[in-house]
Amino acid sequence: MKTLASELAYFLRGRARQNLKVLILYGIFLLTMILVYATLFRFLMWHLEGREFSLIAGIYWVITVMTTLGFGDITFQSDPGYVFAAMVTISGVVFLLIILPFGLVSLFLAPWIEQRLRYHPTYELPPQTRGHILIFGIDPITRAFIQKLQARDLLFVVVTADYEQALHLEEQEGFKVVYGAATDARVLTGLRVAAARYVVANLSDPENTNICLTIRSLCQTPIAALVDDPEHAELLRLAGATQVIPLTRILGRYLATRGTTRGALAHILDSFGTLQIAEIPVHGTPFVGQTLKEAQIRQKTGLSVIGLWERGTFTIPSGDSILGEHALVMFAGTRAQLGVLEKLAGEAAEDELIFILGHGRIGCAAATFLDRRPVPYILVDHHESPTCQEHVVVIGDATGRYTLKNAGIDRASGVIVTTNDDSTNIFLTLNSRHLHPHIRIVARANREENVEQLYAAGADFVVSNASVGASILINLLEQKASAFLTEGVAVFRRPLPTALAGKTIEQSRLRPLTGCSIVALEPPGGGETLVSPPPETRLQAGMTLLLIGGPEQEARFDEIYG
Ligand code: AMP
Ligand code: ZN
C-alpha cells in the first residue's frame, strides 16, 4: 500500500505535476467539445429530421461516434447530418484516439518507465561495511549534520522508505542512500547496523521508538534520537536510545536565555566541572558603552570574558572592545563568581517584559524557562496550543496590524520570534525593529539559509534549529570533551604542550598564535581547577588546558603543538 502511494506520489511532483495540469486542461477541453457536439446534435436532429433527444442521449451519441464504436441505434438520415457525424468521428479520432494516448504515453508513462529502468535503489550495504553512520529521516537538521560529516570525510548512509526521496538524494545530492523501511529487521541487518559507528534516529517519536527497539534486538550500536515531545524522552530511553535529544526544549532555552537580561545565572550555557560558561546581554547592565577595560569585570567578579557577540558575529575580545547596547558577553567562571556578576548587573532589569511570538513547542519551552526565573512575558499565537494548558496565550495573527499593539508590545523590553515559518519570522523581526529600535530581538531560523536575512532584518541574535541540532549530534558522535556553546565556538581540553611549560600565560602567546583563549587550568594529579586564570599565571608541566575557540583555532592549536 505504501509503495502504491509512493508511486502515485510520483505524479504529484516536479515535472509530472506540471504535466498533470496539462492533462486536466485537456480533459476540460474534451468535455466542452462533447457538450458542444451534444447540443449541436439535438439542434440538428430537431431542425433537420424533426426528432427530439435528451441531452444524455446527445452525449451518448457523441461518445459512441467519437470513439468510432458507432452502435447505429441513433443515426442521421440527411446529408447535413452525415456531414456533422463525419466531422464528429474525425475529431474523435484526432483528439481522443491519437492525441490523448500519445500525450499520456509521452508525458507520463515513458518518463516513469525510464526512471524505473535507470535508477536501481540500493537495498543493502556490502557485508564488509564498518564504522558508518546511519541516518533515518532527512530534514534541515540532518542535512546540516551531513555537511559536518562530509567536511570530516566520515562515511554516512541515509535510509528512506520513500522511492522518490531515495532517487532525489542519491542522484541530485550525491548521498549514499539505502531504500527500505527503517523498522524492518532485515533492512537493518542489510544496513550492517551491528558494525555501524552511530545511528541517528530523526523520524517521528513512535517511529524512532520502533527503530530503537528493533536495533536493540540486533546489537548495541549507539543511537542518538531526536525527540519532538520531551515527555517521550523516557520512553525512547527505555526502548534503547543511548542519547535522547529534546531539541525543542533546548532551542526554547536558548531563545529564552538570549531574550532576557535578567540574571547571569539564568544564562549558563554549559558547564565543565566547576567551570561554567554563561552569557549575558549588555543591555540593562551598567556596562553599556564601556570598553572591557573600563568595565573591570574581571577585577570585580573574577570572571573572564571569553567572547563577545554582536549581531551574530562572535569575537574573542580585547581590552579595547566596546560593550555595545546589543552585544552579548560570554563569561567563564564559577557559580559564585556568576552570582557576584548577577548582583552587579541584575538590578537594572527589573521592569523586563518579553513577548514570545509563536506558542508552538519551542515557544512553549521558552515560556516554561522564563516561568522559572521568573521573568514576565506575553505569548501570542494564532491558535490554541493542543499540547499546553499551562500558559495564557493572546490569540491572534502576530503579523496582523493591531494584534501586537493591542497586546501591549510598547511595554516590551524584548521579543522572542519563534513561529514555524521563516518568512513570518523575518517579517516580525523587521516590524519589531522598525517600531522599536532599542528592543531586544531574538529570532529562530527554521532553515539555515534564513539566518542572514533574520540578522539583516534587525535580530540581535538568531538561533538556528539546524545548526544547534547538528552541532549537538556531531559532539555526541565525536564524544567530544568539548562543551557546545553555539555554532562555531566550543570549549575543548588539551594537555599542556611541553614547549609552554614554565612560561606564564602572557608569555605563551597562545592567543595571538592560535586564536584560542585559556578559560581554565587543571593542575596535574587532579587538584582543584583554576578557573579563568590571570595572565601572569605560570603554566606547569602536566597541566591540562581548557581552551575556547572555533574549529579553525582548535585545528591551529593542534597544528602548532601537535
Ligand atoms: P512550533 O514549530 O511547534 O514551535 O510551532 C510554531 C507556532 O507558531 C505554531 O503554534 C503556530 O501556530 C505559530 N504561528 C505561526 N505563524 C504565526 C503567526 N503569524 N502569528 C502567530 N503565531 C503563528
Ligand atoms: Zn505552553
Side-chain angles (χ1 to χ4, degrees), residues 137 139-144 202-205 208 226-233 245-260 353-409 412 414-435 441-451 453-454 457 459 461-469:
D139 67 359
I141 297 165
T142 35
R143 273 179 199 282
N202 185 30
L203 298 167
S204 68
D205 292 352
N208 285 348
L226 286 135
V227 60
D228 281 333
D229 183 347
E231 300 281 307
H232 293 156
I245 307 167
L247 195 60
T248 47
R249 187 181 280 173
I250 296 174
L251 290 165
R253 198 190 72 193
Y254 267 58
L255 288 167
T257 300
R258 286 166 168 146
T260 125
L353 174 67
I354 309 282
F355 263 63
I356 304 177
L357 312 183
H359 178 231
R361 266 172 296 216
I362 298 177
C364 186
T368 308
F369 191 82
L370 293 182
D371 275 334
R372 272 195 244 138
R373 288 309 301 159
V375 172
Y377 58 83
I378 292 178
L379 276 161
V380 181
D381 198 300
H382 54 188
H383 299 303
E384 291 280 359
S385 163
T387 48
C388 167
Q389 281 158 10
E390 288 154 42
H391 298 129
V392 181
V393 182
V394 175
I395 300 293
D397 184 348
T399 59
R401 199 183 256 187
Y402 299 111
T403 317
L404 296 184
K405 202 165 177 42
N406 292 346
I409 188 110
V415 185
I416 295 175
V417 183
T418 171
T419 81
N420 47 348
D421 176 52
D422 280 348
S423 304
T424 306
N425 290 352
I426 292 169
F427 177 87
L428 290 171
T429 302
L430 195 66
N431 198 30
S432 311
R433 178 58 72 224
H434 176 65
L435 296 175
I441 306 174
V442 184
R444 141 183 170 200
N446 296 289
R447 302 180 71 86
E448 195 62 20
E449 57 268 28
N450 293 320
V451 171
Q453 278 99 309
L454 283 161
F461 207 91
V462 180
V463 174
S464 151
N465 295 4
S467 59
V468 172

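Remember, it's 1-based here, ligands and their atoms both numbered in the order they're listed. Keep in mind it's a predicted model, so treat the numbers as computed, not measured.
For atom 12 (O) of ligand 1, the nearest protein heavy atom (residue, atom name, distance) is Asp381 OD1, 2.6 Å. With respect to atom 3 (O) of ligand 1, the closest heavy atom belonging to the protein is Arg361 N, 2.9 Å. Of the protein's heavy atoms, Thr419 CA, 3.5 Å lies nearest to atom 8 (O) of ligand 1. Among all non-hydrogen protein atoms, the one lying nearest atom 14 (N) of ligand 1 is His382 NE2, 3.5 Å. Summary of contacts: the protein heavy atom closest to atom 5 (O) of ligand 1 is Gly360 CA, 3.2 Å. Nearest to atom 6 (C) of ligand 1 among the protein's heavy atoms is Asn420 N, 3.5 Å. Of all protein heavy atoms, the one closest to atom 4 (O) of ligand 1 is Arg444 NH1, 2.9 Å.
Taking the side chain as every heavy atom from C-beta outward, Thr248 and Asp228 never approach each other to under 4.5 Å. At least one side-chain heavy atom of Val415 sits less than 4.5 Å from a side-chain heavy atom of Ile409. Under the 4.5 Å side-chain criterion, counting only non-hydrogen atoms from C-beta, Leu251 is not in contact with Arg444. Between Asn465 and Ile362, the closest side-chain pair of non-hydrogen atoms falls below 4.5 Å. Counting heavy atoms from C-beta outward, Asp371 and Tyr377 have side chains that approach closer than 4.5 Å. Using a 4.5 Å heavy-atom cutoff, the side chains of His391 and Thr368 are in contact.
Atoms OG and CZ, from Ser385 and Arg361 in turn, are 9.0 Å apart once rounded to the nearest 0.5 Å. Note that CD of Glu448 and CD1 of Ile141 are 10.5 Å apart. Values are rounded to the nearest 0.5 Å.
Atoms of ligand 1 found under 4.0 Å from any heavy atom of Ile362 (numbered from 1 in listed order, with element): 4 (O). Residue-ligand proximity, His359 to ligand 1, at heavy-atom distances under 4.0 Å covers atoms 10 (O). If you number the atoms of ligand 1 from 1 as listed, the ones under 4.0 Å from a heavy atom of His383 come out as 12 (O). Below 4.0 Å from some heavy atom of Thr424 lie the following atoms of ligand 1, by number and element: 19 (N).
Comparing Ala365, Ala398, Gly358, Gly363 by heavy-atom distance to atom 20 (N) of ligand 1, the nearest is Ala398.
For Cys388 atom SG and His359 atom NE2, the angle they make at the Zn ion (ligand 2) is roughly 110°, to 10 degrees.
When each of Val462, Asn450, Asn446, Leu357 is tested with Asn425 by the rule side chain to side chain contact (heavy atoms under 4.5 Å, CB included), just one qualifies, namely Asn446.
Among all heavy-atom pairs drawn from Leu428 and Leu404, the shortest one is CD2-CD1, 4.4 Å. Among all heavy-atom pairs drawn from Gly137 and Asn202, the shortest one is O-ND2, 3.5 Å.
Atom ND1 is the N, O or S atom of His391 at the shortest distance from the Zn ion (ligand 2).
Not a single heavy atom of Gly400 lies less than 4.0 angstrom from ligand 1. Heavy-atom distances between Asp421 and ligand 1 stay at or above 4.0 Å for every pair.
Looking at Glu384 against ligand 1, nothing comes within 4.0 Å, counting heavy atoms.
Between Asp397 and ligand 1, a contact under 3.5 Å exists for at least one N or O pair.
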